Enquirer: 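The structure under discussion is supplied below as structure tokens; questions concerning it will follow.
Only this structure's heavy atoms are used, side chains among them; waters, hydrogens and symmetry mates stay out. In the text below, chain A, chain B and the rest are named by the order of the sequence lines, each starting its count at 1. Quick caveat, the model's predicted, so the values are computed rather than measured.
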Number of protein chains: 2
Amino acid sequence: MVAGPLPAPSGPGKDRLRLWIRLLRASRTIEAELRERLKKEFDTTLPRFDVMAALYRVPEGMLMSDLSRFLLVSNGNVTGIVDRLVSEGLVARARRNGDRRTSMVRLTEEGTKSFATIAAAHEGWIGELLGKVSEEDARRLTGMLTSFRSNWEGRE
Amino acid sequence: MVAGPLPAPSGPGKDRLRLWIRLLRASRTIEAELRERLKKEFDTTLPRFDVMAALYRVPEGMLMSDLSRFLLVSNGNVTGIVDRLVSEGLVARARRNGDRRTSMVRLTEEGTKSFATIAAAHEGWIGELLGKVSEEDARRLTGMLTSFRSNWEGRE
DNA sequence: ACATAAAACTTTAAGCTTGAAATATTTTGC
DNA sequence: GCAAAATATTTCAAGCTTAAAGTTTTATGT
């Protein structure tokens, strides 16, 4: 997936393949750096950060299924991450009266404070790592990726 | 990492944060689709595909450490993936005369044939998944991501 | 009412991933 | 020549990830 074009392939469709390779390499490079900093500075992981970021936006909490849909990961995956966050006291599950299959997952007070601290550092890191991208290019790129995504989402 | 801006954050640096979120969502969406197709149509995985793609470019083979550097993953990770590919007969390890610590890893004949088939399908999928991105936009985006990356690589 | 389907979630097995420790080999500095 | 450092790789423990199978609860059709 990360294969680089050494003989520099050409032909129809090669531009999109090259784009995909760059996209993947860029996101992996940044992801690796973020993972390392989260570990070193806050002793946490990217998946935990993702879950907490999702919950931070919604103080009343989210269902497990909403969480997994939002994060683009499987149900079972979220179960494990939330289990660990619960055992650390950062997240709480609340049984609901209406539907006993579901439970609302939300940040605890401690989780909220913890996330706010980490998120501030995180935003600084992104600013640093993407520092060479001008604000204008950032907006243009974002626009392209957004339209790509909404096109894509029309499928399935 | 995938957190979406619901209240639409604004302020200095927010454009880069938004860019990062889009970038990550785009690559995760495409990655998930590729993973599913690789599994369903060829009964293989993305990491196996990555390793084979890296080796395909270099018939004489690569060292384990070159492989892990190229793929942006850890050493121990590559060991496991290569182990499985070897046990399936797609990849071979060859002890070197010069340095007995290292071994050259290369695709077997079967591995080469197998990869060629999968890669053709893969390129088609990318063309399909990125079909809405015009060739010109693809080149522009690629250029931006490339310059980002070369800037980035100057660090560490 | 009641069987059946659907929905929400958890569990499981297999594989991926990392960072750190361990092993083996080669290189370097006296 | 030889101890110490450096290099290449593997092993290990913990956690992440998925798809598939299992559990519990709710909704649906008759």
Side-chain angles (χ1 to χ4, degrees), chain A residues 1-2 27-29 31-52 61-88 90-91 93-105, chain B residues 1-2 27-29 31-52 61-88 90-91 93-105:
Chain A
M1 231 71 250
V2 166
S27 67
R28 283 193 185 176
T29 304
E31 241 181 318
E33 184 67 23
L34 292 177
R35 183 167 27 241
E36 193 180 325
R37 294 187 185 197
L38 283 173
K39 175 79 182 266
K40 282 221 159 62
E41 314 229 347
F42 297 104
D43 191 31
T44 189
T45 67
L46 214 42
R48 278 171 169 87
F49 181 86
D50 286 351
V51 167
M52 295 179 76
M62 294 176 83
L63 300 179
M64 291 296 283
S65 44
D66 292 337
L67 210 40
S68 87
R69 227 188 324 278
F70 181 74
L71 295 174
L72 307 175
V73 300
S74 68
N75 273 354
N77 188 356
V78 176
T79 296
I81 299 168
V82 167
D83 281 352
R84 271 166 235 121
L85 288 172
V86 167
S87 79
E88 291 170 21
L90 300 170
V91 157
R93 275 187 242 244
R95 269 255 173 300
R96 289 203 305 171
N97 299 349
D99 188 334
R100 276 182 305 181
R101 290 170 301 183
T102 67
S103 58
M104 281 299 246
V105 181
Chain B
M1 232 70 246
V2 167
S27 67
R28 283 193 185 174
T29 304
E31 243 181 317
E33 183 69 22
L34 291 177
R35 183 168 26 243
E36 193 180 326
R37 296 187 184 194
L38 283 173
K39 176 81 182 267
K40 283 224 158 63
E41 314 228 346
F42 297 105
D43 191 33
T44 189
T45 66
L46 213 44
R48 280 172 168 87
F49 181 86
D50 285 351
V51 166
M52 294 179 77
M62 293 176 83
L63 299 180
M64 292 295 283
S65 43
D66 292 337
L67 209 41
S68 86
R69 227 188 323 279
F70 182 74
L71 295 175
L72 308 175
V73 299
S74 67
N75 274 353
N77 187 357
V78 177
T79 296
I81 299 169
V82 167
D83 282 351
R84 280 179 285 271
L85 288 171
V86 167
S87 79
E88 291 169 21
L90 299 170
V91 156
R93 273 187 243 244
R95 265 259 173 305
R96 289 203 304 171
N97 299 349
D99 187 334
R100 276 182 304 181
R101 288 169 303 183
T102 67
S103 59
M104 281 299 247
V105 181

Enquirer: Give the rounded distance in Å between these two atoms: CG of B:L71 and P of C:dT17.
Expert: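 Distance check: B:L71 CG to C:dT17 P gives 10 Å.
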
Enquirer: Atom CG of A:L38 and atom P of C:dT17: how far apart are they, to the nearest Å?
Expert: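 Distance check: A:L38 CG to C:dT17 P gives 18 Å.
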
Enquirer: Between B:V105 and B:R93, what is the shortest heavy-atom contact and its length?
Expert: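 It is CG2-CG, 4.1 Å.
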
Enquirer: Could you write nucleotides 22-29 of chain C as a row of B, S and -, 5' to 3', where a protein heavy atom under 4.0 Å of any base atom gives B, of only sugar-phosphate atoms gives S, and otherwise -?
Expert: --BBS---

Enquirer: Which listed nucleotide (C:dG15, D:dA19, C:dA8) is nearest to the side chain of B:K39?
Expert: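 Output: D:dA19.
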
Enquirer: Could you tell me which non-hydrogen atom of B:R69 sits nearest to which non-hydrogen atom of B:D66, and how far apart they are?
Expert: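 Scanning both residues, the minimum pair turns out to be NH2-OD1, 3.1 Å.
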
Enquirer: If you check every side-chain atom of A:T79, which of D:dT18, C:dG15, C:dT10 has the closest atom?
Expert: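 Out of D:dT18, C:dG15, C:dT10, the nucleotide with an atom closest to A:T79's side chain is C:dT10.
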
Enquirer: Find which nucleotide of DNA chain C each of B:G80 and A:K40 is nearest to by heavy atoms, and output the residue with the more 5' nucleotide.
Expert: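 With B:G80 and A:K40 compared, the 5'-side residue is B:G80.
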
Enquirer: To the side chain of A:R35, which of D:dG15, C:dC9, C:dT18 is closest?
Expert: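 Minimum distance to the A:R35 side chain belongs to C:dT18.
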
Enquirer: Rounded to the Å, how far apart are A:L67 CG and D:dT17 P?
Expert: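 Roughly 12 Å, once rounded to whole Å.
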
Enquirer: Between D:dT17, C:dT18, C:dC16, spot the one nearest the side chain of A:N77, thanks.
Expert: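 The answer is D:dT17, which lies nearest to the side chain.
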
Enquirer: Heavy atoms only, 4.0 Å cut-off, all strands: where does B:R93 land among base, sugar-phosphate and nothing?
Expert: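 Sugar-phosphate, backbone atoms only, no base.
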
Enquirer: Return the value, rounded to whole Å, for the distance between atom CG of B:D83 and atom P of C:dA14.
Expert: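 Atom-to-atom, B:D83 to C:dA14, this comes out as 17 Å.
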
Enquirer: Quick check: closest heavy atoms across B:E31 and B:L46, and the distance to 0.1 Å?
Expert: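 What the structure gives for the nearest pair is CG-CD2, 3.6 Å.
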
Enquirer: Figure out the CZ/C1' separation between B:R37 and D:dA19, and round it to whole Å.
Expert: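 Between C1' of D:dA19 and CZ of B:R37: 18 Å.
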
Enquirer: Determine the minimum heavy-atom distance between A:M104 and A:G61, stating which atoms define it.
Expert: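 Where A:M104 meets A:G61 most closely, the heavy atoms are CE-O, 3.5 Å.
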
Enquirer: When we call it a touch if two heavy atoms are under 4.0 Å apart, what does B:S65 touch: a base, just sugar-phosphate, or nothing?
Expert: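 Result for B:S65 = sugar-phosphate.
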
Enquirer: Hey, which sits more toward the 5' end of DNA chain D by its nearest nucleotide, A:I81 or B:L63?
Expert: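 Per heavy-atom nearest nucleotide, the more 5' residue is B:L63.
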
Enquirer: Can you check the A:E31 CD to C:dT18 P distance for me, whole Å?
Expert: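 Computing the A:E31:CD to C:dT18:P distance gives 10 Å.
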
Enquirer: Starting at atom CG of B:N75, determine the distance to atom P of C:dC16, rounded to an integer number of angstrom.
Expert: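 It is 17 Å, rounded to the nearest whole Å.
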
Enquirer: Would you call B:R37-B:E33 a salt bridge at under 4.0 Å N-O?
Expert: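 Yes, this pair counts.
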
Enquirer: Under 4.0 Å between any heavy atoms, over every strand shown, what does B:R96 touch: base, sugar-phosphate, or nothing? Just pick one.
Expert: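 Touches nothing.
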
Enquirer: Any idea which of C:dG19, C:dC9, D:dT9 is nearest the B:T102 side chain?
Expert: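 Closest of the options to the side chain of B:T102: D:dT9.
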
Enquirer: I want to confirm an ordering. Mapping A:S103 and A:A32 to their closest nucleotides on DNA chain C, which one lands closer to the 5' end?
Expert: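 The answer here is A:S103.
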
Enquirer: What is the distance from CG of A:L72 to C1' of D:dT18, rounded to the nearest Å?
Expert: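 Rounding to the nearest Å, CG of A:L72 and C1' of D:dT18 are 14 Å apart.
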
Enquirer: With respect to A:D83, which candidate in A:V86, A:I81, A:T79 satisfies the side chain to side chain contact (heavy atoms under 4.5 Å, CB included) definition?
Expert: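 Going through A:V86, A:I81, A:T79 one by one, the side chain to side chain contact (heavy atoms under 4.5 Å, CB included) with A:D83 is satisfied by A:T79 alone.
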
Enquirer: So what does B:R69 touch, heavy atoms closer than 4.0 Å: a base, only the sugar-phosphate, or nothing?
Expert: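 B:R69: no heavy atom of the nucleic acid under 4.0 Å.
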
Enquirer: Looking only at heavy atoms, which two atoms of B:T102 and B:R95 are closest? And how far apart?
Expert: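 Nearest heavy atoms, B:T102 then B:R95: O-NH1, 4.2 Å.
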
Enquirer: What is the minimum heavy-atom distance between A:S74 and A:S68, and which atoms define it?
Expert: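 Looking at all heavy atoms of both residues, the shortest contact is O-CB, 3.8 Å.
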
